[in-house]
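Quick note: residue numbers are just sequence positions, from 1.
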Amino acid sequence: MRSICADLLLQRFDLDAAQPRNRQLYACLRAAILDGSLTPMSRLPSSRDLAQELGVSRNTVIHAYDQLLAEGYVHSRVGSGTFVSATAPDRFLNIDGADNRAAADTTTTPLSRRATRLIERAQAAPKQWGAFMPGVPDVTAFPHRQYARILAKLWRTPSPELLTYASGGGRPELRQALAAHLRIARSIRCDPEQILITEGVHQAIDLTVKMLVDPRQSVWVEDPGYWGFRSVLGMEQGIRVVAVPVDAQGLCIPDRPGRPRLIFVTPSHQYPLGSVMSMARRQELIAFARANGAWIVEDDYDSEFRFGGHPIPAMQGMDAATPVIYVGTFSKTLYPGLRMGYMVVPRGLAKAFHTAQADLYREGHALTQLALAQLIADGHYASHIRRMRLLYARRRSFLVGLIEKHLGAEFLHSQDSNAGLHVVLRLPDHVDDVALQQTLAQRGILVRALSRYYVRAKPQRGLLLGYAGVPESHITAAFGELLSVLRASGIGVSQR
């Protein structure tokens, strides 16, 4: 096989040129080093191998290497080979093409209006681990030994169907295991054929909108609500996104509601405030959806982690024909990097959704899905959730205790329902929580500003503090940093 270096040179090397081949090869290598194609400290092929790959004599390559060596572009180590120097002689000089590259780098490429809005409002953080990043589980507690054993067994003799595109809907083994788990854990009414395995919640949202919403139709989202919903919906041309306020009982149906096509809700643990949608509000919302031909998209966000009271069943299972599309994810129960979610659609939509998913996204990860199915079937998944529920309850209690001790109970949000992976630290209305978020980030403390989750409703000020992935010893130190920033801003001083 030819080396990558030979492939690069063959694109630039002309065997029929009048220039001597050793000079031409030298010039090609020098240019590749200077433009970064051959990176510092990268190893060049041996003179014998490169000569054979280029179809030239070995002396041609040796002469080119010797010239580069004499000028300091490369260095050689006996028995190891020839390497690009860490700093080329012309690295800081104005070489041919440098001005053009700089100009190209600074040229602004026009984006679509949708893309511009997305970039301006983007909230995905570059760092996703540490105190107090919301929505992140303790990934170090993932049952990796059991999972590794399952994967190793599958990799010994993988069938071709596990290494190609997956069929629409995902592996039947995972859908079977999930159906059994969801029926028990969340009171979901479903058969395996109603389940689709997705690459996270965002893909489930994208697929649902593409399948059910036409231009000029409206979609409701909670206000405040999950920014990911708005980001995905904002990239769909022609649909109208309506931000609907929430109260302590959940989403409030407007007095003059219109006829939305989709209604996105987080009823088990409203994101970000934490309230639980009341039974009366659930029934009201289902009745409204039926009367108006709407679909409710139930994002069952971190419903597995409830630390007090009775478990709350999903809306989807309230009766046999609820107009609900249920969405869940393994990101909070296992680890976010898995990029695996799922959705439960009504029987009448299942076949169409399976076909569209296969055609739009070319699903894969069949082997990973099979391993997850085995993890669930063997009971490791349920055991892991039980362990994490105890661990997160302890960490939540510890963080709440620090807030109550050093700031006061009034700094805890009134709608908190003793669940989930974060708490909301309430702040006075005059506080710039976005500026606080930025200041804390400079000190290594990762939080999210509550006001950024609002669209039209009057924003409350606060900080989302994730605790799930933070050991108690780290919570204490990180909270100390947080407290010092708050008090430097005059917050919590007069109260203590």
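Here the straight-line distance linking atom CG of Leu334 with atom CE of Met340 works out to 9.5 Å at 0.5 Å rounding. Summarising the geometry, atom NE2 belonging to His380 is positioned 13.0 Å from atom OH belonging to Tyr147; distances are rounded to the nearest 0.5 Å. Leu154 CG to Leu370 CG: the interatomic distance, rounded to the nearest 0.5 Å, is 5.0 Å. Distance check: Asp191 CG to Arg189 CZ gives 12.0 Å after rounding to the nearest 0.5 Å. The CG atom of Leu427 sits 9.5 Å away from atom CZ of Arg461, with the distance rounded to the nearest 0.5 Å. To the nearest 0.5 Å, the span separating CE on Met388 from CG on Leu391 amounts to 5.0 Å.
The side-chain hydrogen bond (donor to acceptor under 3.5 Å, both in side chains) analysis of residues 239-252, with sequence neighbours excluded, yields the pairs Asp247-Arg281, Gln249-Ser278. Sequence neighbours left out, the pairs with a member in residues 366-377 that pass side-chain hydrogen bond (donor to acceptor under 3.5 Å, both in side chains) are Gln374-Asp378. Within the structure, every pair that satisfies the side-chain hydrogen bond (donor to acceptor under 3.5 Å, both in side chains) test and touches residues 420-436, not counting sequence neighbours, is listed here: Asp433-Ser451.
The main-chain N or O of Gln316 is found under 3.5 Å from a side-chain atom of Glu298 such that the two form a donor-acceptor pair. Side chain of Asn292 to backbone of Ala294: no donor-acceptor contact under 3.5 angstrom is found. A donor-acceptor distance shorter than 3.5 angstrom exists from the side chain of His384 to the backbone of Thr333, with no hydrogens or angles considered. With Arg456 contributing its side chain and Asp223 its backbone, the two residues share no donor-acceptor pair below 3.5 Å. Side chain of Glu199 to backbone of Arg339: no donor-acceptor contact under 3.5 angstrom is found. With Glu236 contributing its side chain and Val232 its backbone, the two residues share no donor-acceptor pair below 3.5 Å. With His354 contributing its side chain and Glu193 its backbone, the two residues share a donor-acceptor pair below 3.5 Å. Of the possible polar contacts, one joining the Ser417 side chain to the Gly274 backbone as a donor-acceptor pair under 3.5 Å is found. For Thr39 (side chain) and Ser42 (main-chain N/O), no donor-acceptor pair under 3.5 Å exists by modelled atom type. Of the possible polar contacts, none joining the Gln217 side chain to the Val213 backbone as a donor-acceptor pair under 3.5 Å is found.
Side-chain contact check for Ile491 versus Leu436: some heavy-atom pair is nearer than 4.5 Å. Counting heavy atoms from C-beta on, the side chains of Pro158 and Leu367 come closer than 4.5 Å. The side-chain heavy atoms of Leu360 and Asp206, taken from C-beta on, include no pair separated by under 4.5 Å. The shortest side-chain heavy-atom distance between Ile445 and Val485 does not fall under the 4.5 Å cut-off. Annotation: side chain of Phe264 is not in contact with side chain of Val241 (no heavy-atom distance under 4.5 Å). With a 4.5 Å cut-off on side-chain heavy atoms, Ile197 and Phe330 do not count as touching. The closest side-chain heavy-atom distance from Leu486 to Leu425 is below 4.5 Å. The shortest side-chain heavy-atom distance between Arg282 and Ile312 falls under the 4.5 Å cut-off.
Cation-pi geometry between Arg395 and Tyr467 is not met at under 6.0 angstrom from the ring centre and within 45 degrees of the axis.
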Q.
Does Lys153 form a side chain to side chain contact (heavy atoms under 4.5 Å, CB included) with Ile150? I'd like the steps, not just the answer.
A. CA-CA 5 Å; Lys153 184 178 180 180; Ile150 294 169; 6.0 Å; no

Q.
Would Asp319 and Arg290 count as a salt bridge (charged side-chain N to carboxylate O under 4.0 Å, His left out) here? Give the steps.
A. CA-CA 13 Å; Asp319 65 50; Arg290 281 179 172 148; 2.9 Å; yes

Q: Would you please test Ser489 and Val431 for side chain to side chain contact (heavy atoms under 4.5 Å, CB included) and show each step?
A: CA-CA 9 Å; Ser489 302; Val431 172; over 6 Å; no

Q. Would Met211 and Phe353 count as a side chain to side chain contact (heavy atoms under 4.5 Å, CB included) if you check the C-alpha gap in whole Å, the side-chain angles of each, and the deciding distance to 0.1 Å?
A. CA-CA 7 Å; Met211 294 296 288; Phe353 269 63; 3.7 Å; yes

Q: Before giving the answer on side chain to side chain contact (heavy atoms under 4.5 Å, CB included), spell out for Val219 and Val209 the whole-Å C-alpha distance, their side-chain angles and the decisive distance to 0.1 Å.
A: CA-CA 9 Å; Val219 174; Val209 173; 5.5 Å; no

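Under a cut-off of 6.0 angstrom, the local environment of NE2 in His474 is sparse, with at most 12 non-hydrogen atoms contributed by other residues, nucleotides or ligands.
Salt bridge absent: Lys210 and Asp359 never bring a charged side-chain N and a carboxylate O closer than 4.0 Å. Salt-bridge formation is not detected for the pair Asp214/Arg261: no Lys NZ or Arg NE/NH1/NH2 atom is positioned less than 4.0 Å from an Asp or Glu carboxylate oxygen. Salt-bridge formation is not detected for the pair Arg186/Glu304: no Lys NZ or Arg NE/NH1/NH2 atom is positioned less than 4.0 Å from an Asp or Glu carboxylate oxygen.
When all heavy atoms of Ala314 and Tyr326 are compared, the closest pair comes out as CB-CE1, 3.7 Å. For Gln437 against Ala449, the heavy-atom pair with the smallest separation is OE1-N, 2.8 Å. Closest of all the heavy-atom pairs between Ile253 and Trp220 is CG2-CH2, 4.3 Å. Listed here is the closest heavy atom pair of Phe305 and Ile385: CE2-O, 4.1 Å. Between Pro143 and Arg387 the shortest heavy-atom distance is CB-NH2, 4.4 Å. The two residues Met315 and Val265 come nearest to each other via the heavy atoms SD-CG2, 4.4 Å.
When the options Leu446, Val423, Val400 are evaluated for a side chain to side chain contact (heavy atoms under 4.5 Å, CB included) with Leu465, the one that passes is Val423. Of the candidates Leu182, Val201, Thr329, Tyr342 forms a side chain to side chain contact (heavy atoms under 4.5 Å, CB included) with just one, namely Leu182.
No donor-acceptor contact under 3.5 angstrom links the side chains of Ser397 and Arg394, judged on distance only. Judged by distance alone, the side chains of Asp299 and Tyr271 never bring a donor and an acceptor atom under 3.5 Å apart. With no hydrogens or angles considered, a side-chain donor-acceptor pair links Gln270 and Glu222 at under 3.5 Å. A donor-acceptor contact closer than 3.5 angstrom links the side chains of Gln460 and His413.
Between Phe229 and Tyr226, the ring-plane angle classifies as perpendicular under the 30° and 60° cut-offs.
Separation of the Phe479 and Phe132 ring centroids does not fall under the 6.0 Å cut-off.
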